[in-house]
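The basis for the numbers below is simple: all heavy atoms, side chains too, and nothing from hydrogens, waters or symmetry mates.
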Amino acid sequence: MPTHQAKDRPDMMSRHALHRWLPLVGILATAALFDLFFWDRSIGLNLTLFGFWSMGMVVARYGPGDLTMPARLALAGATVALVMLLVHHSTVALVAVVLSLAVFTAFAHERQLRSVVYALPQALCAFVMAPFNAWDGSVLWRPSEQRTGRGWRALRIALIPFLIGVVFFQLYRAGNPRFEEFTAGFLNVLSDLLAELFTPHVFFILLGIWSSAVLIRRQAPRLMADLEQRWTDVLLRHRIRRPHWATPRAMGSLEKERKAGVMLLVLVNLLLLVVNAIDIHWLWFGFEVPEGFSLKQFVHEGTWVLILSILLSIVILLHLFRANLNFYSRAGSLKMLGMLWIAQNFILGISVFLRNYHYIDFHGLAYKRIGVMVFLALMLVGLVTLYIKIRERRSFFYLARVNGWAAFVVLIGLSTVDWDSTIVRYNLGHENAGEIDIDNYLAMSDKVLPLIYADLDMVEKQMERHRTNEVRWVRHLDPGKFREELAVKLDRFKARYDAQHWQEWNLADKRTMDRLLALNVYAR
């Protein structure tokens with residue numbers, strides 16, 4: 001028996017050593033890819049490959065079967081975002097990639113997490129904590145934790161005298177010109193040495209190690225997971241237990257709050273009923289822009305005021321139904337009024353949506369108008385979940401969890417659309433040619449170049465219509481100057497495309513170049 005133990009011991013030691021070194025090897029390999037893919041390169045194929053590599057490392061570490069459902073959903077979202085970044089090469093896809101990777105790693109490293117609203121702070125905490133964990137992480141390759149402890153104590157002992165010495169060194173330099181002159185040469189040599197050692201590339205490699213450690217290893221404490229575990233989807237009743245000999249506490253405070261809430265909700269429901277009746281009659285059926293009517297003021301100012309009113313309504317309802325009033329036996333009328341106010345706010349949200357729709361129908365598409373639509377959609381989801389919260393006595397955590405996931409899904413969905421091309425294509429075919437923002441064509445990404453060159457005649461017609469307007473609010477009204485600026489934009493794209501490295505390749509640029517060549521804009 002001892003003989004077998006002696007034979008097995010080297011194998012056990014080698015496996016232990018391999019297990020100890022594997023995390024460091026994974027981090028360094030990922031950091032090497034980070035440097036290869038991103039140093040002196042713009043975003044393209046490199047981020048897609050690096051994202052899939054990082055997610056693969058995490059999945060390989062924990063195993064596909066051990067990933068929680070939130071982690072799998074975040075993994076699916078990150079996969080879509082990474083592919084869409086390669087296909088559309090858009091800013092929204094880049095944001096979706098960064099956030100989805102952060103959420104996925106947080107869910108993978110902390111199995112107890114359930115919500116996006118806690119996963120994002122967990123990922124941020126991991127990023128902040130990674131440098132502080134660097135020394136503690138050295139136990140992965142040091143022979144024993146005891147030596148690490150001695151080394152850390154020695155470092156602290158040496159660090160304090162060194163910092164004090166630096167302070168006195170600066171004081172003596174400031175107070176003694178001869179001492180400053182004497183040490184100037186030494187400082188110059190030291191500065192040159194540091195400049196040689198710590199180049200921008202070295203700092204970039206350190207950033208790569210930092211980011212790689214955050215992505216594939218657990219860095220943060222379970223702070224967010226522990227905080228989240230305190231909350232449940234179901235609202236809990238908080239009972240205040242009194243001694244058995246004491247008289248039961250009166251329900252006066254809850255009754256007063258109920259009466260005040262009923263009065264408030266009756267008032268605001270009547271006001272909102274009038275507003276909704278006007279909007280339904282005016283906006284919902286056969287809306288036309290009256291002569292001299294400022295549609296911009298109607299949308300820009302009126303929309304945000306109404307959105308603010310909906311948000312304020314949500315805050316008030318959250319306050320009213322925050323605690324034991326949900327369990328009060330006489331709160332039925334208050335709940336009915338609250339759900340009626342939610343329904344009326346939902347109708348108001350549809351009216352705000354129609355305001356923005358009519359504005360788009362008159363002035364064309366733009367990013368802010370799309371943003372208002374997206375924000376309204378999320379707000380309507382919030383109203384639906386608020387209705388469920390009141391009806392089924394759900395908690396505020398339920399609202400945060402569901403709406404956080406809704407925002408995540410919407411962000412991933414936004415990454416699947418080439419919005420620049422969608423906006424330009426819609427505006428070029430718009431019937432109201434004299435109200436389209438021509439300046440915005442040149443502000444779009446290079447992906448819209450084929451669309452503009454294919455419809456230059458339409459752009460010139462829109463300029464002609466703009467010149468007949470009483471108020472000229474666009475800058476580009478000369479077709480010749482517009483073509484010159486468009487040619488400059490085209491030349492910049494061609495120079496960028498020709499100098500593109502394989503790490504920067506993306507399908508959007510490839511598709512743009514192919515379409516430009518098909519239009520014979522220039523001979524390659």
Side-chain angles (χ1 to χ4, degrees), residues 23 26-27 30-31 33-34 37-38 43-44 46-62 64 66-86 89-134 137 204 206-228 374 378 400-416:
I27 291 173
T30 305
L33 288 177
F34 183 93
F37 287 156
F38 299 115
I43 298 299
N46 47 11
L47 183 53
T48 300
L49 293 177
F50 184 78
F52 280 122
W53 167 269
S54 301
M55 292 191 303
M57 293 287 288
V58 174
V59 173
R61 181 187 176 194
Y62 295 107
D66 289 337
L67 292 179
T68 62
M69 183 55 67
R72 294 179 184 181
L73 292 175
L75 177 63
T79 300
V80 173
L82 286 166
V83 174
M84 290 302 104
L85 178 67
L86 192 64
H89 202 245
S90 61
T91 302
V92 66
L94 177 60
V95 173
V97 165
V98 173
L99 292 181
S100 59
L101 282 177
V103 169
F104 165 68
T105 54
F107 281 131
H109 296 320
E110 294 295 341
R111 294 176 53 85
Q112 292 79 10
L113 285 174
R114 294 167 288 164
S115 64
V116 174
V117 292
Y118 275 95
L120 282 174
Q122 178 73 16
L124 179 61
C125 183
F127 189 80
V128 172
M129 289 297 298
F132 297 97
N133 293 337
F204 187 80
L206 293 175
L207 175 63
I209 296 173
W210 186 354
S211 303
S212 302
V214 171
L215 286 172
I216 66 177
R217 297 292 297 176
R218 183 175 179 271
Q219 299 293 333
R222 296 187 59 233
L223 175 63
M224 293 301 158
D226 291 339
L227 288 175
E228 192 189 53
V374 173
L378 289 173
R401 184 179 63 81
V402 175
N403 286 279
W405 278 110
F408 179 81
V409 171
V410 167
L411 178 62
I412 300 301
L414 290 173
S415 71
T416 63

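Applying the side chain to side chain contact (heavy atoms under 4.5 Å, CB included) criterion to Val117, with sequence neighbours excluded, gives Ser115, Ala400. For His89, there are no ring pair (Phe, Tyr, Trp, His ring centres under 6.0 Å) partners two or more places apart in sequence or in a different chain. Remark: Ala108 pairs with Val58, Tyr62, Leu67, Phe104 by the side chain to side chain contact (heavy atoms under 4.5 Å, CB included) rule, at least two apart or across chains. Residues meeting the side chain to side chain donor-acceptor pair (under 3.5 Å) test with Asn46, sequence neighbours left out: none. With sequence neighbours left out, the side chain to side chain contact (heavy atoms under 4.5 Å, CB included) criterion links Ala406 to Leu378, Val381.
Using a distance-only test at 3.5 Å, with no hydrogens or angles considered, no donor-acceptor pair links the side chain of Ser211 to the main chain of Gly208.
The distance from the CZ atom of Phe34 to the CD1 atom of Ile209 is 10.5 Å, given to the nearest 0.5 Å. Note that CG of Leu414 is 12.5 Å distant from OG1 of Thr91, once rounded to the nearest 0.5 Å. Atom OG1 of Thr105 is separated from atom CD1 of Ile216 by 11.0 Å, given to the nearest 0.5 angstrom. For the atom pair CG of Leu73 and CZ of Phe107, the computed distance is 8.5 Å after rounding to the nearest 0.5 Å. Distance check, rounded to the nearest 0.5 Å: CZ of Arg217 to NE2 of His109 gives 8.0 Å.
Val214 and Phe127 make their closest contact through CG2-CA, 3.7 Å (heavy atoms, listed as atom of the first residue, atom of the second, distance). Closest heavy-atom contact between Ala74 and Val103: CB-CG1, 3.9 Å. Smallest separation of non-hydrogen atoms from Ser212 and Ile27: CB-O, 3.7 Å.
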Could you give the side-chain donor-acceptor pairs of residues 48-55 under 3.5 Å, partners two or more places apart or in another chain?
unit_1 : atom_1 : unit_2 : atom_2 : d
Thr48  : OG1    : Leu82  : O      : 3.1
Trp53  : NE1    : Thr30  : OG1    : 3.0
Ser54  : OG     : Phe50  : O      : 2.9

Atom pairs and distances, donor-acceptor, side-chain atoms in residues 92-101, under 3.5 Å, two or more places apart:
unit_1 : atom_1 : unit_2 : atom_2 : d
Ser100 : OG     : Ala96  : O      : 2.6
Ser100 : OG     : Val97  : O      : 3.1

